[in-house]
Amino acid sequence: MPTALVTGASSGIGAAFARRLASDGYELVLVARNESRLTAGRLDLLKIGAPAVEVLTADLTDAGQRDAVCARLADAKKPVSLLVSNAGMALGKGFLASTAAELQAQLDLNVSAVMMLTHAALPGMIARGHGGIITISSIASMLPGRGSAYGAFKSWVTAFSEGIGMSVRSKGIRMVAVCPGFVRTEFHERAGIDMQGNPEWMFVPMDVLVGQSLAGLRAGKSVVIPGALYKTIAAAVKFAPRSLVRRATNLVDGRTRD
Ligand code: NAP
C-alpha cells in the first residue's frame, strides 16, 4: 500500500488529511509534537481503514527533531509516496510585537520544515519515478500582509511549491500548494485570534479542502484554492491593481495580528 507522511496530523487540516488518506487505504506516518493525541488518532485511523500507522513525535522548529523526520522520509526501505507538509502556525500579533525568538520559530516551522522535508522526500520519489507533495500554504500568500510575517512566509511556500514542482514534474512527481481561506481548526485559538464575529460562510468546509487538494494533486495542478469564495477572492486579487488590493485588505482588516 502507498504510504503518506502528514505533518501537523494531531489536529485540524492535518488530521482531516490523515482521516481521508486512511479511508483511501494509505499507510500513514503521523508527525506532530503531541504524542498522546497522535497515539489516540492512530487507533481511529486503523479503524477507518489505514493498514498501518506510525507515530513520529517531533517539534519541527527543532533542527535535530526535524532531521529525524527527514531521515524517515529518505528511508528507501519504507518509501513514502505522499508528503503532506501541513504543520504551521500564526503568532497572533504583529511583526514588531513579536520577539525575535517567536519569529524564528515561526520561520523554522512555516518555511524551513517545508523546505527540508521536501528536500529529504524528493530523491527517493524521483528514483522510484513517482510521488506527490502537498504543501499547505494560505490565501494570505496572495495578499499583502497586515504587518506580520505570516503572509510572507506563506508566499514563500506557494512560490517554492510552484517552482520545485515544475522542476520535478517530468520525473513523475506532482507537487501542489493549497491556499485555504478560513478553516475551522485550532489555528486561530492557538494564536489567540478571536474568530467569533466571522460568519460561517467565510469558513471553507474541511471535506471541500481535502477533496479539492487531492483532486488538484491528481490533476497535476500547481496551486489549489479550495472553495468558491476564496477562488473568487484570488481571481479578484490577481486582476485588480495591487494598490487597490492593499487598500481593500486594510479596509477589511487593518489590524496586525498574524
Ligand atoms: P491547527 O489545528 O492548529 O493544527 C496545527 C498542527 O500543526 C497541529 O497538528 C500541531 O500539532 C502541529 N504543529 C504546530 N506546531 C508544531 C511544531 N512546532 N512541530 C510540529 N508540529 C507542529 O491548525 P490548522 O488550521 O490545521 O493548520 C494547518 C496549516 O493550515 C497551517 O500551515 C496553517 O498555516 C494553514 N492554514 C490554516 C488556515 C485556517 O484558517 N485554519 C487557513 C490557511 C492556512 P502539535 O501541537 O501536536 O505539535
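Counting convention: from 1, in listed order, for ligands and their atoms alike.
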Novice: Would you mind telling me which of S141, S155, S138 makes a side chain to side chain contact (heavy atoms under 4.5 Å, CB included) with Y150?
Specialist: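 Testing Y150 for a side chain to side chain contact (heavy atoms under 4.5 Å, CB included) against S141, S155, S138 leaves exactly one candidate, S138.
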Novice: Look at atom 33 (C) of ligand 1 and find which of F17, F187, F153 reaches it with the closest heavy atom.
Specialist: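 Nearest heavy atom to atom 33 (C) of ligand 1 lies in F187.
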Novice: Hey, does K154 sit under 4.0 Å from ligand 1 if you only count heavy atoms?
Specialist: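 It does; at least one heavy atom falls under 4.0 Å.
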Novice: Pairs of nitrogen or oxygen atoms closer than 3.5 Å, one from S138 and one from ligand 1: do any exist?
Specialist: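 N/O-N/O distance under 3.5 Å: no.
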Novice: Should the ring pair F182 and Y230 be called parallel, tilted or perpendicular, given that the plane angle runs from 0 to 90° and is split at 30 and 60?
Specialist: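 Perpendicular: the ring planes of F182 and Y230 meet at over 60°.
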Novice: Which of the listed options, A9, S10, A140, G41, holds the heavy atom that is closest to atom 11 (O) of ligand 1?
Specialist: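 Going through A9, S10, A140, G41 one by one, S10 has the nearest heavy atom to atom 11 (O) of ligand 1.
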Novice: In ligand 1, which numbered atoms sit nearer than 4.0 Å to a non-hydrogen atom of G12?
Specialist: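 Heavy-atom distances to G12 below 4.0 Å select 2 (O), 26 (O).
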Novice: Based purely on interatomic distance, does G8 place a nitrogen or oxygen under 3.5 Å from a nitrogen or oxygen of ligand 1?
Specialist: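 Checking ligand 1 against G8, an N or O pair does fall under 3.5 Å apart.
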Novice: For atom 26 (O) of ligand 1, what's the nearest protein heavy atom and its distance?
Specialist: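 Its nearest protein heavy-atom neighbour is I13 N, 2.8 Å.
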Novice: Identify the protein heavy atom lying closest to atom 19 (N) of ligand 1, giving its residue, its atom name and the separation to 0.1 Å.
Specialist: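 Of every protein heavy atom, L60 N, 2.8 Å lies nearest to atom 19 (N) of ligand 1.
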Novice: Is the distance from the ring center of F95 to that of F153 below 6.0 Å?
Specialist: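 No, the ring of F95 stays outside the 6.0 Å limit from the ring of F153, centre to centre.
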Novice: Return the closest protein heavy atom for atom 20 (C) of ligand 1 as residue, atom name and distance.
Specialist: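 Of every protein heavy atom, A58 O, 3.3 Å lies nearest to atom 20 (C) of ligand 1.
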Novice: Show the numbers, then the answer: is there a side-chain hydrogen bond (donor to acceptor under 3.5 Å, both in side chains) between S85 and T7?
Specialist: CA-CA 6 Å; S85 205; T7 69; 4.6 Å; no
Novice: Just to confirm my output: which protein heavy-atom neighbour is closest to atom 2 (O) of ligand 1, and how far is it?
Specialist: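 Going atom by atom, the protein heavy atom closest to atom 2 (O) of ligand 1 ends up being S11 OG, 2.9 Å.
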Novice: Considering only protein heavy atoms, which is closest to atom 18 (N) of ligand 1, and at what distance to one decimal place?
Specialist: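 The protein heavy atom lying closest is D59 OD1, 2.8 Å.
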Novice: Inspect the contact between R66 and D62 and indicate whether a charged nitrogen and a carboxylate oxygen are less than 4.0 angstrom apart.
Specialist: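 No salt bridge links D62 with R66.
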Novice: Report yes or no: do T135 and S161 form a side-chain donor-acceptor pair below 3.5 Å?
Specialist: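 Checked: T135/S161 side chains pair up, N/O donor to acceptor below 3.5 Å.
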Novice: Just wondering, do I164 and L122 contact through their side chains at under 4.5 Å, heavy atoms?
Specialist: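 Yes. Closest side-chain heavy atoms under 4.5 Å.
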Novice: Is a donor on one side and an acceptor on the other found under 3.5 Å between the side chain of R42 and the backbone of A52?
Specialist: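 No; zero donor-acceptor contacts below 3.5 Å.
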Novice: Which residue and atom name correspond to the protein heavy atom nearest atom 24 (P) of ligand 1, and how close is it?
Specialist: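 Checking every protein heavy atom, the shortest distance to atom 24 (P) of ligand 1 gives T185 OG1, 3.4 Å.
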Novice: Charged N to carboxylate O under 4.0 angstrom, E54 versus R72?
Specialist: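 A salt bridge links E54 with R72.
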Novice: Do other residues, nucleotides or ligands put more than 12 heavy atoms under 6.0 Å from E189 CD?
Specialist: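 Atom CD in E189 is not packed in, count stays at 12 or less.
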Novice: Report yes if G14 has an N/O atom closer than 3.5 Å to an N/O atom of ligand 1; otherwise report no.
Specialist: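 By distance alone, the answer is no.
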Novice: Nearest heavy atom to atom 30 (O) of ligand 1 wins, so pick from V114, I136, V183.
Specialist: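 Looking at heavy atoms only, the winner is I136.
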Novice: What atoms in ligand 1 come closer than 4.0 Å to a heavy atom of T61?
Specialist: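 Once the distances to T61 are compared, the set is 18 (N).
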Novice: Using non-hydrogen atoms of the residue, decide whether G181 is closer than 4.0 angstrom to ligand 1.
Specialist: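 Checking ligand 1 against G181, which is what was asked, there is a heavy-atom contact under 4.0 Å.
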Novice: Any idea which part of A105 is under 4.0 Å from ligand 1, heavy-atom wise: side chain, backbone, both or neither?
Specialist: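 For A105, there is no contact with ligand 1 at all, from either part.
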Novice: Quick one: does S137's side chain have a donor or acceptor within less than 3.5 Å of a partner on A177's backbone?
Specialist: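 Flag not set: sc S137 to bb A177 has no pair under 3.5 Å.
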Novice: So, is F182 polar-close to ligand 1, with some N/O to N/O distance under 3.5 Å?
Specialist: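 There is no such contact.
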Novice: Whether the side chain of D24 engages the backbone of Y26 through a donor-acceptor N/O pair (distance < 3.5 Å, no angle test) should be reported.
Specialist: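 Between the backbone of Y26 and the side chain of D24 there is no qualifying donor-acceptor contact (under 3.5 Å).
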Novice: Which atoms of ligand 1 are found less than 4.0 Å from any heavy atom of N34?
Specialist: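 Matching atoms, with element in brackets: 47 (O).
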Novice: From the options E186, H188, M89, R190, select the one whose nearest heavy atom is closest to atom 10 (C) of ligand 1.
Specialist: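 Heavy atom nearest to atom 10 (C) of ligand 1 belongs to R190.
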Novice: Are R37 and E186 within salt-bridge range, i.e. N to O under 4.0 Å?
Specialist: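 Judged by the 4.0 Å cut-off on N to carboxylate O distance, R37 and E186 do form a salt bridge.
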Novice: Tell me, which protein residue and heavy-atom name are nearest atom 31 (C) of ligand 1, and how many Å apart are they?
Specialist: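 The closest one turns out to be N86 O, 3.2 Å.
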Novice: Are K231 and Q212 close enough, and set up right, to give a side-chain hydrogen bond (donor to acceptor under 3.5 Å, both in side chains), and what steps lead you there?
Specialist: CA-CA 12 Å; K231 278 186 179 58; Q212 292 190 359; 2.9 Å; yes
Novice: Would you mind telling me if ligand 1 is within reach of the side chain of L109, the backbone, both or neither, using heavy atoms under 4.0 Å?
Specialist: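 Only the side chain of L109 comes within reach of ligand 1.
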Novice: Looking only at protein heavy atoms, which one is nearest to atom 34 (O) of ligand 1, and how far off is it?
Specialist: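 Going atom by atom, the protein heavy atom closest to atom 34 (O) of ligand 1 ends up being Y150 OH, 2.7 Å.
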